[in-house]
Amino acid sequence: MPEDLPAGYYLRNFTYLLNFVIERHEETLTVAEKSFFTEFQALSLDAQRLYVRLCSRKGPLFRADKLTYEDISDTAMAVAELVDEGFADRGADCDNEAILALCTRADLLCLCRQNETKSASSLKKDQLLAVVAEAMVGLPLRAQLPFTVIQPRRLDELRVFRLLFFGNLHQDMTDFVLHELGVAPFESYEIDHEARFFTDRTLLDETLALYELSELSREIIDSGERETLLQLCASLPDRNPDLGHRYDRIVNRIARQLERYDCCVEAFELYQRSSSTPARERSARLLRKMELRETSIEICQEVLRAPWDEAEYEFAVKFSRRILGKDHRFQSTLPSVESRVQTDELVLYPEKDCNVESLVCGWAEEQRFSAYYVENSLFPGLFGLAFWDIIFAPVRGAFFNPFQRGPSDLFQPTFVDARAESIAERYAFIQDRENLASTVMKHYRSKHGLANRFVHWEALSEDLLDLAMFCIPVQHLTFVFERMMSDFRNNLSGFPDLILFRDDTYQLVEVKGPGDRLQVNQQRWFRYFGEKNIPAIVTNVSYPPG
DNA sequence: ACCTTTCACACAAAA
DNA sequence: CCTGCCACTG
DNA sequence: TTTTGTGTGAAACAGTGGCAG
Ligand SMILES: [Mn+2]
Ligand SMILES: [Mn+2]
């Protein structure tokens with residue numbers, strides 16, 4: 001059970017983060033960011049606490065009357081101090097709409113009565129909101145409200161601190177809490193205190209800009225405004241190769257939406273700016289749709305010459321074959337990517353609250369198998385446990401804050417190079433089944449629960465690991481590990497649903513219900529299993545009529 | 001990498 | 001009155 | 001008919017309280 005956190009834990013965490021960043025990055029911070037730090041330190045305890053509370057909530061606008069915290073003795077005073085010191089404002093420049101959104105339905109009805117606005121009390125809140133907003137245009141809303149509002153400021157400065165600390169903006173203070181509670185604790189690896197996620201300010205600013213672009217483009221896509229999206233395309237920044245992948249993902253997403261709008265040319269131009277999958281696949285499909293068959297084929301040729309990953313390569317092979325026609329001269333030059341996947345058919349009675357995978361799992365148990373629904377947990381998990389210490393080894397620059405689930409270069413091809421020697425050594429060591437078992441079980445016990453990108457603890461039991469290491473030949477495991485390592489980004493998924501054990505044998509089973517089929521990543525693993533004689537089968541389940 | 005990713009499933013379109 | 005959503009909390 | 005393409009939704013801490021419906 002999680003233990004209680006010490007009083008004021010959230011402020012302590014916040015201060016820890018600020019100090020951590022100041023110690024390492026002071027020279028890259030702007031004047032505004034540095035004064036954010038010093039002025040925050042100068043606030044009273046209550047004000048600091050309130051600020052941290054506010055900026056860890058969604059907001060961005062809050063009702064002052066609903067802010068009650070046990071450890072903040074005088075909230076009104078703290079609010080006033082934050083406002084005075086520039087860490088908050090009273091929502092002066094907020095429009096009526098934003099403020100009305102803070103009202104409950106009851107508040108809105110009350111406002112209607114005060115202004116003698118006609119409205120049915122049966123209206124839904126959204127409709128009521130619209131009615132009141134309409135009636136309040138040009139009227140002084142503040143005076144009529146039963147509350148005042150507050151809005152934290154300097155959030156941009158705080159964003160910079162967060163980005164410098166985590167190296168991303170999706171992690172936040174909850175990582176501290178979950179770690180301390182023992183819900184998702186992190187490994188205590190050695191942090192490289194010289195490491196800087198951002199080498200220069202330009203890169204930092206460009207990263208922030210890309211985050212903003214990502215958010216903006218998402219909003220525009222969600223809003224369904226085609227014209228606005230087209231305008232955004234015209235004002236995109238240039239691609240900085242150092243942030244290439246980040247840039248490409250945004251561009252790919254916008255282009256995909258343009259495809260849906262049938263803005264083929266604009267979509268194609270956007271894909272041209274991207275150097276990440278699936279830009280070229282989408283381009284090829286798009287060009288064929290535009291009846292530019294030759295250009296489409298050219299793109300496929302490019303992919304075949306220098307594929308960005310296996311999926312893209314296989315797409316190009318199959319797509320070329322299809323659009324080239326049966327007896328085109330290039331046909332014969334295309335390699336085969338097909339494979340005969342072993343399948344069997346199974347008729348089972350559906351059960352409520354039981355997905356088809358669990359159904360087959362239960363069926364296998366009846367057939368005297370030990371069956372586990374593992375999907376992507378087993379092989380990556382075994383890898384994570386067998387290589388745990390290497391994954392968390394203090395490679396230069398790999399660990400720069402205490403909340404990482406793996407080294408920062410994990411998805412770079414450099415991961416293997418930087419650890420080549422210890423990886424080779426570990427491979428040699430675990431060729432002996434006893435050594436493999438002892439390494440895996442040692443880490444299973446000593447690291448249990450610690451966050452590791454490869455290890456999903458909830459799906460790994462000691463029984464499962466024992467059986468897996470007893471029944472799966474080390475040679476097979478090594479083959480699987482090697483393919484995983486050749487491309488972590490793409491090859492950590494697509495594993496079959498189930499693994500069955502009986503005596504000293506095993507069988508991987510991908511369950512397919514009616515209407516389901518192998519996905520491309522699953523196909524690639526099945527092809528590999530076939531090449532390496534790893535026992536894997538697709539089980540097609542159907543249900544009896546009625 | 002919840003700013004995701006992964007998987008299954010529904011339906012439409014193409015072959 | 002109950003239920004589901006969602007934001008918040010530790 | 002079968003195969004292929006595309007879009008959708010759920011699940012990834014757990015427990016609680018406020019609020020809308
Ligand atoms: Mn599955
Ligand atoms: Mn399946």
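Order of the sequence lines fixes the chain letters, A, B, ..., with proteins taken first and strands second; residue numbering starts at 1 for each chain. Computed from a prediction, not measured in an experiment: that's the story for all the values here.
Considering only side-chain atoms of A/Asn376, the nucleotide from B/dT6, B/dA8, C/dG10 that sits closest is B/dT6. Here the nucleotide nearest the side chain of A/Leu178, chosen from D/dG21, B/dA8, D/dC13, is D/dC13. Closest to the side chain of A/Glu375, out of B/dA8, B/dT4, D/dT6, is B/dA8.
Close to B/dA8, at under 4.0 Å from its OP1 or OP2, lies a side-chain N or O of A/Lys512. For the OP1/OP2 pair of D/dG5 and a distance below 4.0 Å, the side-chain nitrogens and oxygens of A/Arg322 include at least one atom meeting the criterion. Look at A/Lys289 and you won't find any side-chain N or O under 4.0 angstrom from OP1 or OP2 of D/dT6. One finds a side-chain N or O of A/His170 lying less than 4.0 angstrom from the OP1 or OP2 phosphate oxygen of B/dC2. For C/dG10, one of the phosphate oxygens OP1 or OP2 lies less than 4.0 angstrom from a side-chain nitrogen or oxygen of A/Arg53. Not one side-chain nitrogen or oxygen of A/Gln519 sits closer than 4.0 Å to the OP1 or OP2 atom of B/dT6. Neither OP1 nor OP2 of B/dC2 sits under 4.0 Å from any side-chain N or O of A/Arg405. Within the structure, a side-chain polar atom (N or O) of A/Arg253 is placed less than 4.0 Å from OP1 or OP2 of B/dT4. Taking 4.0 angstrom as the limit, A/Asn521 places a side-chain polar atom (N or O) nearer than this to OP1 or OP2 of B/dC7. A sub-4.0 Å separation between OP1 or OP2 of D/dA20 and a side-chain N or O of A/Arg105 is absent. Taking only side-chain nitrogens and oxygens, A/Lys125 comes nearer than 4.0 Å to OP1 or OP2 of D/dA20. Phosphate contact (OP1/OP2 of B/dT6, side-chain N/O of A/Gln522, threshold under 4.0 Å): absent.
Within 4.0 Å (heavy atoms only), A/Thr104 reaches sugar-phosphate atoms of the nucleic acid but no base atom. Nucleic acid contact class of A/Tyr10 (heavy atoms, under 4.0 Å, all strands): none. Using a 4.0 Å heavy-atom criterion, one finds that A/Tyr69 contacts the sugar-phosphate atoms exclusively. Among the heavy atoms of the strands, none lies under 4.0 Å from A/Glu212. If you check every strand for non-hydrogen atoms under 4.0 Å, A/Asn355 touches nothing. If you check every strand for non-hydrogen atoms under 4.0 Å, A/Gln171 touches nothing. Within the nucleic acid shown, A/Arg249 comes within 4.0 Å of at least one base atom, counting heavy atoms only. Heavy atoms of A/Gln404 sit nowhere under 4.0 angstrom from any nucleic acid atom.
A donor-acceptor contact under 3.5 Å is formed by the side chain of A/Arg517 with the base of D/dG5.
Remark: A/Arg53 is positioned above the aromatic ring of A/Tyr10, its terminal NZ or CZ atom under 6.0 angstrom from the ring centre and at most 45 degrees off the axis. Taking the ring axis of A/Phe411 as reference, the NZ or CZ atom of A/Arg489 stays within 45° of it and closer than 6.0 Å to the ring centre.
To the nearest whole angstrom, the two C1' atoms, one in C/dC8 and one in D/dT8, are 29 Å apart. Straight-line distance between the C1' atoms of D/dG9 and C/dG10: roughly 30 Å, to the nearest whole Å. Here the separation of B/dA8 from C/dC1, taken at their P atoms, is 45 Å to the nearest Å. The P atoms of D/dA11 and C/dG4 are separated by 14 Å, rounded to the nearest whole Å.
The heavy-atom pair separating A/Trp457 from A/Lys447 by the smallest distance is CZ2-O, 3.2 Å.
Between A/Asp107 and A/Arg63 the shortest side-chain heavy-atom distance falls below 4.5 Å.
A/Leu181 has its CG atom 10 Å from the C1' atom of C/dT9, to the nearest Å. The distance between atom CZ of A/Arg285 and atom P of B/dA14, rounded to the nearest whole Å, is 13 Å.
Of the possible donor and acceptor atoms, none in the side chain of A/Gln257 sits under 3.5 Å from a partner among the backbone N and O of A/Arg253.
Side-chain contact of A/Arg256 with A/Tyr271: a donor-acceptor pair under 3.5 Å is absent, judged by distance alone.
Using a cutoff of 4.0 Å between basic side-chain nitrogens and carboxylate oxygens, A/Glu180 and A/Arg12 are scored as salt-bridged.
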